[in-house]
Asks: 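The structure under discussion is supplied below as structure tokens; questions concerning it will follow.
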Amino acid sequence: MAIEETTPGLNFIRAIVEADIRAGKNGGRVHTRFPPEPNGYLHIGHAKSICLNFGLARDYNGLCNLRFDDTNPGKEDVEYVDSILADIRWLGFDWGDRLFYASDYFEKLYEYALHLIRAGKAYVCSLSADEIRAYRGTLTEPGKDSPCRQRSVEENLDLFQRMRAGEFPDGAYVLRARIDMGSPNLNMRDPVLYRIRRESHHRTGDRWLIYPMYDYTHPISDALEGITHSVCTLEFEDHRPFYDWVLDNLPVPCHPQQIEFARLNLNYTVMSKRKLLELVDKAFVRGWDDPRLPTIAGLRRRGYTPEAIRAFAETVGVAKRESMVDMALLEHCLREDLNRRAQRVMAVLKPLKVVITNYPAGRVEEMDAENNPEDPGAGTRKLPFSREIFIEQDDFREDPPKKYFRLSPGREIRLKHAYYIRCDEVVKNANGDIIELRCSHDPESRGGWTKDNRKVLGTSHWVSAAHAVNAEVRLYEKLLSVPDPAAEKEEKDFKEYLNPDSLEILKGCKVEPSLAQARPGDFFQFLRQGYFCVDPDSTPELPVFNRSVTLRDTWARIERSRQDK
RNA sequence: UGGGGUGUGGCCAAGCGGUAAGGCAUCGGCCUUUGGAGCCGAGAUUCGGAGGUUCGAAUCCUCCCGCCCCAGCCA
């Protein structure tokens with residue numbers, strides 16, 4: 001694994017793993033696995049688990065398998081396995097030749113089931129789904145034994161084989177573990193091991209008519225692969241006694257240890273597969289890779305880097321308490337990565353024309369611009385400057401408020417890498433809209449300096465009108481308008497909280513000429529605005545940029561706090 | 001009113017009997033040809049609450065309270 005992060009501090013799982021290594025457990029071996037079900041796209045929460053499992057293997061000289069938990073054919077699809085493979089690879093992890101599918105083990109799983117039946121530890125039950133539920137009891141009352149619990153081994157064997165052979169319709173029988181209907185842990189009240197499903201499986205086709213349940217499949221799959229530490233999320237804590245029961249009652253090669261941690265929750269977004277699927281299916285977003293979604297595909301299209309996501313996964317930590325991580329932390333991780341690496345470029349999103357009246361018409365100067373002040377090795381490039389330029393509409397106020405350090409009538413600012421300009425005249429149309437500024441430049445300020453060292457109010461980005469490239473820019477905001485719909489007073493459907501302003505498409509943006517060559521996947525810092533990446537929709541005729549994250553914006557904060565008052 | 005977990009500043013999170021790490025966010029200041037970046041500084045007399053043990057407790061004990069998960073032939 002070519003991951004460069006230094007070994008992170010110890011979380012409780014690493015503490016367990018290190019203690020096991022010290023104790024010589026598993027011969028000092030560490031072997032984890034990431035076990036997604038191919039029924040949806042991976043999201044940032046999965047990324048945390050991926051980084052955890054692959055990171056454990058990386059840091060303790062171990063291995064991490066990728067295994068698809070594909071035991072429910074009705075919900076699963078190859079589209080999902082393909083996307084999952086691509087996303088994990090993109091995140092920077094490598095499972096080597098250890099790509100497995102639970103469906104690879106169907107035959108062995110079946111044989112193990114036979115073993116349980118012969119040992120009197122599993123039986124075929126003819127109760128209906130409703131009856132099983134009724135017999136299960138409740139949280140506070142014990143369940144009742146199924147009348148089928150005493151079926152003979154021979155009859156169970158015969159029935160189970162015939163279930164496989166397809167002699168019965170869906171739902172006619174299930175295979176159940178015989179444990180304890182009085183257990184306070186519902187998962188131990190004779191859980192279902194196999195159900196009949198006449199469904200075609202994306203890998204095994206129509207070979208199977210019975211499918212094993214997750215709780216039965218998972219421990220055996222782990223054992224067959226020699227997993228040492230089986231890391232999963234908190235909701236499976238109650239399942240651990242059954243995980244152990246399966247392994248204790250079957251002649252499996254080893255007994256992995258299941259360890260549970262709290263899943264990641266992020267505010268202002270949705271993380272459940274069900275909700276993500278709904279947003280995609282009902283076209284609230286443009287697809288699984290919509291840049292507003294916390295899916296890996298969406299984050300990638302948004303401009304997130306694998307490095308930023310990995311750093312985030314390390315930073316949030318691993319623990320057992322339910323938590324809600326602030327989206328600002330994710331954004332911070334992206335900024336930190338991109339600040340070091342992104343080339344700075346000039347892009348005017350909402351253009352305002354400026355005519356520099358004392359600059360000769362037809363003259364073009366090539367100004368030197370550094371590509372990245374954080375990285376001297378990034379070099380410089382030439383920017384054409386001419387009499388007519390565009391600046392940002394936000395960089396001019398006819399009536400500037402206090403602390404506004406930008407252009408206004410009579411005031412002087414610096415055009416980054418170019419000249420100082422002073423605003424002499426504001427041109428408006430019949431509606432009173434400002435359509436043009438007439439300014440004069442100081443020829444002595446070429447490059448953005450003057451000998452007298454006088455201070456200017458601020459520095460603006462700009463682009464030469466004659467040389468600018470037209471572009472489309474997509475601005476993204478939070479997916480939800482509230483941090484946590486579940487915490488709202490009124491219980492509404494989560495879709496009620498979708499932020500109506502999560503996407504703003506800007507046409508007619510003006511970007512510096514070098515950006516005509518930008519390719520999908522390239523990322524930049526649009527000076528003073530944020531980090532942007534080239535969208536796959538981009539064409540040579542019309543580049544399309546996605547805003548990945550804004551720069552920290554002190555002025556915006558001042559204005560916001562003024563509004564609050 | 002069964003069982004399993006969990007409660008440390010706004011959000012994460014260390015800490016495992018010796019007197020509250022770190023990150024994000026926030027607020028000041030410095031610096032700045034990005035109101036970016038960077039740098040410096042501020043904030044829990046306190047660890048869900050109440051008792052107790054101890055020279056000493058976030059860490060041990062007792063009781064109480066809050067929150068999460070479990071009654072799929074989903075994972």
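Chain letters run A, B, ... following the sequence lines, proteins first and then strands; every chain starts at 1.
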Asks: Evaluate the criterion ring-ring contact (aromatic ring centres under 6.0 Å, His included) for residue pair A/Phe526 and A/Phe545; output intermediate values, then yes/no.
Replies: CA-CA 10 Å; A/Phe526 285 4; A/Phe545 296 93; 5.2 Å; yes
Asks: Using a strict 4.0 Å threshold on nitrogen-to-oxygen distance, state whether A/Lys382 and A/Glu366 make a salt bridge.
Replies: no
Asks: Compare the minimum distances between each of B/rA14, B/rA75, B/rG36 and the side chain of A/Asn72, then state the nucleotide with the smallest one.
Replies: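 The listed nucleotide nearest to A/Asn72's side chain is B/rA75.
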Asks: Let me spell it out: for each of A/Asp215 and A/Asn339, pick the nucleotide of RNA chain B with the closest heavy atom. Which residue's pick is nearer the 5' end?
Replies: A/Asn339
Asks: Do A/Asp238 side-chain and B/rG3 base share a donor-acceptor contact under 3.5 Å?
Replies: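 Yes, the side chain and the base share a sub-3.5 Å donor-acceptor pair.
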Asks: Answer syn or anti for B/rG72, where the cut-off is 90° from 0 on the glycosidic torsion.
Replies: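 Syn.
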Asks: Residues two or more places apart in sequence or in another chain: which of them pass salt bridge (charged side-chain N to carboxylate O under 4.0 Å, His left out) with A/Arg397?
Replies: A/Glu559
Asks: Any side-chain N or O of A/Thr71 less than 4.0 Å from the OP1 or OP2 oxygen of B/rA75?
Replies: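 For B/rA75, OP1/OP2 do have a side-chain N/O of A/Thr71 under 4.0 Å.
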Asks: Which nucleotide sits closest to the side chain of A/Arg344: B/rC73, B/rU34, B/rG2?
Replies: B/rU34
Asks: Scan side-chain atoms only and decide if A/Tyr41 and A/Glu79 contain a donor-acceptor pair under the 3.5 Å cut-off.
Replies: yes
Asks: Can you say whether a donor on the side chain of A/Arg406 sits under 3.5 Å from an acceptor on the base of B/rG35, or the other way round?
Replies: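 Checked by distance alone, the answer is yes.
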Asks: Stems involving RNA chain B: give each as a range paired with a range, ordered by first number, where a stem means at least three consecutive Watson-Crick or G-U wobble pairs under 3.5 Å.
Replies: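 Stems found: B:2-7 with B:65-70, B:10-12 with B:22-24, B:26-30 with B:38-42, B:48-52 with B:60-64.
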Asks: Please determine whether a side-chain nitrogen or oxygen atom of A/Arg321 lies at a distance below 4.0 Å from atom OP1 or OP2 of B/rU8.
Replies: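 Answer yes for this pair, as a side-chain N or O of A/Arg321 is under 4.0 Å from OP1 or OP2.
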Asks: So is the aromatic ring of A/Tyr214 stacked onto the base of B/rA75, judging by whether the centres are under 5.5 Å apart and the planes are under 30° apart?
Replies: no
Asks: With a 3.5 Å cut-off and heavy atoms only, can you find an N or O donor on one side and an acceptor on the other between the side chain of A/Gln525 and the base of B/rU34?
Replies: yes
Asks: Tell me which of A/Leu527 and A/Val318 sits closer to the 5' end of RNA chain B, going by the nucleotide each one is nearest to.
Replies: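 By nearest-heavy-atom nucleotide position, the 5'-most residue is A/Val318.
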Asks: Does A/Arg197 make a cation-pi contact with A/Tyr211, if we ask for NZ or CZ under 6.0 Å from the ring centre and within 45° of the axis?
Replies: no
Asks: With side chain to side chain donor-acceptor pair (under 3.5 Å) as the test, pick out the partner of A/Asn39 among A/Glu76, A/Lys273, A/Lys75.
Replies: A/Lys273
Asks: Could you check whether the side chain of A/Glu374 and the base of B/rG36 have a donor-acceptor pair of N or O atoms closer than 3.5 Å, going by distance alone?
Replies: yes
Asks: Which nucleotide in the list B/rC70, B/rC73, B/rA25 gets nearest to the side chain of A/Arg195?
Replies: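 The nucleotide sitting nearest to the side chain is B/rC73.
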Asks: Are A/Arg552 and B/rG35 close enough that a side-chain N or O sits under 4.0 Å from OP1 or OP2?
Replies: no
Asks: Has A/Arg557 got a side-chain N or O lying under 4.0 Å from the OP1 or OP2 atom of B/rA25?
Replies: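 Answer is no, no contact under 4.0 Å.
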Asks: Out of B/rG5, B/rG2, B/rU8, which nucleotide sits closest to the side chain of A/Lys320?
Replies: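 The nucleotide sitting nearest to the side chain is B/rG5.
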Asks: Can you tell which of B/rC68, B/rC70, B/rU34 lies closest to the side chain of A/Glu322?
Replies: B/rC68
Asks: Is A/Arg528 salt-bridged to A/Asp394, going by a charged N under 4.0 Å from an acidic O?
Replies: no
Asks: Report yes if at least one side-chain N or O of A/Ser460 is closer than 4.0 Å to OP1 or OP2 of B/rU34; otherwise report no.
Replies: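 No, because none of the side-chain N or O atoms of A/Ser460 sits under 4.0 Å from OP1 or OP2 of B/rU34.
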Asks: For the side chain of A/Ala129, counting heavy atoms from C-beta on, which of B/rC73, B/rG23, B/rA75 is nearest?
Replies: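 Between B/rC73, B/rG23, B/rA75, the one nearest the side chain of A/Ala129 would be B/rC73.
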Asks: Can we say A/Asp442 and A/Arg422 salt-bridge, meaning some charged N sits less than 4.0 Å from an Asp/Glu carboxylate O?
Replies: no
